[in-house]
Every structure is written in C-alpha cells, then in structure tokens.
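To keep things clear, I will list the structure first and then write my remarks on it.
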Amino acid sequence: QVQLVESGGGLVQAGGSLRLSCAASGSIWSINDMGWYRRAPGKQREPVANITSTGITNYPDSMKGRFTISRDNAKKTVYLQMNSLKPEDTAVYYCNANIHFAWRSRDYWGQGTQVTVSS
C-alpha cells in the first residue's frame, strides 16, 4: 500500500514563509505527476501547484510568483515553498501523487497539513 505524509505546516504571520514536504512510501514502481491542493473552511478544494516527473511545473495565476513546487525523485518527495503568505492562504494543504505499480497507475492523497496565516 502507498502512503503520503505531509509536514511543514504551522502558524505564520502575513508576509512570512513556509515550506511543505510530502514523502511517498510503499508499493511504488515510479511516480508520475505530483501536486498540492488546499481546502479552506467552507470552500471547495482547489489546486495550488503541479509538477511532472520531468520537472515541468504549473500554477494557478493567484499563486504565480509566490509559490514554488519542486521534487526529489530519489527521496520520492514533493515540496511547496510558500512566500509572501496572506491570510486568505489559510487552509489545509494536501499533496497528491499519481503512482505506477503492478501495471497500473492510481492517484493517492495525503491526510493534509494545516497552514494558518495571521493578520
């Protein structure tokens, strides 16, 4: 079985920075796309960033210039560097990975890490 574990969340003041990590483990042949999503209280889940197996990144316009996604394939880990944080960034952040094993690929999700930005 595959497990994704996030870390690095916490409480930070507006304008501050945080770096989130998500490590995959278990039955894995290879990892395709990896990404970050978030869900604020009372809102739907929304995409934050995505990165392909070869390092191609994609961001929504609202995150461009502030958030940076990266990955370390040897460590099976994806990162999210968040700068210039705003109160509206407060949410639970989830990592996602499309994982190839036993001749098939499936999406897996972490349990989330809380990010709180105070004003």
Side-chain angles (χ1 to χ4, degrees):
Q1 293 186 336
V2 172
Q3 186 175 27
L4 274 61
V5 179
E6 301 100 333
S7 62
L11 175 63
V12 65
Q13 289 186 301
S17 299
L18 285 173
R19 192 189 193 203
L20 308 183
S21 300
C22 176
S25 62
S27 301
I28 299 171
W29 284 1
S30 62
I31 303 177
N32 302 309
D33 286 9
M34 305 182 80
W36 289 93
Y37 297 75
R38 70 185 184 187
R39 177 174 283 145
K43 295 184 177 181
Q44 289 186 305
R45 184 181 64 192
E46 64 175 345
V48 174
N50 182 79
I51 185 168
T52 70
S53 61
T54 57
I56 306 300
T57 60
N58 186 53
Y59 309 90
D61 288 341
S62 61
M63 284 81 173
K64 289 181 179 178
R66 298 193 301 123
F67 292 3
T68 303
I69 189 171
S70 61
R71 64 190 287 168
D72 186 329
N73 289 332
K75 296 181 179 180
K76 299 183 178 66
T77 300
V78 62
Y79 306 93
L80 183 68
Q81 178 68 46
M82 303 185 293
N83 299 325
S84 302
L85 285 164
K86 306 173 182 179
E88 50 263 44
D89 294 319
T90 296
V92 178
Y93 285 71
Y94 301 89
C95 69
N96 168 268
N98 185 263
I99 293 176
H100 180 215
F101 176 75
W103 313 107
R104 70 177 187 176
S105 296
R106 291 285 187 270
D107 282 335
Y108 294 87
W109 293 88
Q111 291 191 333
T113 184
Q114 177 71 47
V115 172
T116 303
V117 184
S118 64
S119 60

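Each residue takes its place number in the sequence, starting with 1. Everything quoted here is computed from the prediction, not taken from an experiment.
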Heavy atoms, side chains only, cut-off 4.5 Å: are T116 and Q114 in contact? yes
On a heavy-atom basis, which atom in I31 and which in A24 lie closest, and how many Å separate them? CD1-CB, 4.1 Å
Write down the atom of S84, the atom of S17, and the distance for their closest heavy-atom approach. N-OG, 4.3 Å
Pair C22-M34, side chain to side chain contact (heavy atoms under 4.5 Å, CB included): steps then yes or no: CA-CA 10 Å; C22 176; M34 305 182 80; 5.5 Å; no
Show, in sequence, the C-alpha distance, side-chain angles and deciding distance for E6 and Y93, and conclude whether the side chain to side chain contact (heavy atoms under 4.5 Å, CB included) test is met. CA-CA 8 Å; E6 301 100 333; Y93 285 71; over 6 Å; no
Atom OG in S53, atom NE2 in H100: separation rounded to 0.5 Å? 12.0 Å
Please check this pair: side chain of T68 against backbone of Q81, looking for a donor-acceptor N/O pair closer than 3.5 Å. no
Output all residues satisfying salt bridge (charged side-chain N to carboxylate O under 4.0 Å, His left out) with R38, sequence neighbours left out; order by chain, then residue number. E46, D89
Could you tell me if the side chain of L18 sits less than 4.5 Å from the side chain of L85, heavy atoms only? yes
Would you say I51 and V78 make side-chain contact, with heavy atoms under 4.5 Å? yes
Looking at side-chain heavy atoms only, is the closest gap between R71 and N73 below 4.5 Å? yes
Check the pair I28 / K76 against side chain to side chain contact (heavy atoms under 4.5 Å, CB included), numbers first and verdict last. CA-CA 9 Å; I28 299 171; K76 299 183 178 66; 4.0 Å; yes
Minimum heavy-atom separation for G112 to V92, with atom names? CA-CG1, 3.8 Å
Is it true that a side-chain atom of S62 and a backbone atom of P60 form a donor plus acceptor pair closer than 3.5 Å? no
Answer whether the closest heavy-atom distance between the side chains of Y79 and D72 falls below 4.5 Å. yes
Close side-chain approach of F101 to V2, heavy-atom, < 4.5 Å: no
For Q13 and V117, indicate whether the former's side chain and the latter's backbone hold a donor-acceptor pair under 3.5 Å. no
Output yes when a side-chain donor or acceptor of Y59 lies under 3.5 Å from a complementary backbone atom of I69, and no otherwise. yes
Kindly indicate whether the side chain of N96, heavy atoms from C-beta on, has any atom under 4.5 Å from the side chain of W36. no
Taking every heavy atom of S105 against every heavy atom of N32, the minimum-distance pair comes out as OG-ND2, 3.5 Å
Applying side chain to side chain contact (heavy atoms under 4.5 Å, CB included), run through M63 and M82 and close with a yes or a no. CA-CA 9 Å; M63 284 81 173; M82 303 185 293; over 6 Å; no
Check: G26 main-chain N/O paired with Q3 side-chain donor or acceptor under 3.5 Å: no
Linking I/L/V/M/F/W/Y whenever any side-chain heavy atoms sit under 4.5 Å apart, do L4 and Y37 land together? no
Do you know which two heavy atoms are closest between S21 and T77, and how far apart they sit? CB-CG2, 4.5 Å
For N98 and D107, run side-chain hydrogen bond (donor to acceptor under 3.5 Å, both in side chains): C-alpha distance rounded to whole Å, both residues' side-chain angles, the deciding distance at 0.1 Å, then the answer. CA-CA 4 Å; N98 185 263; D107 282 335; 2.9 Å; yes
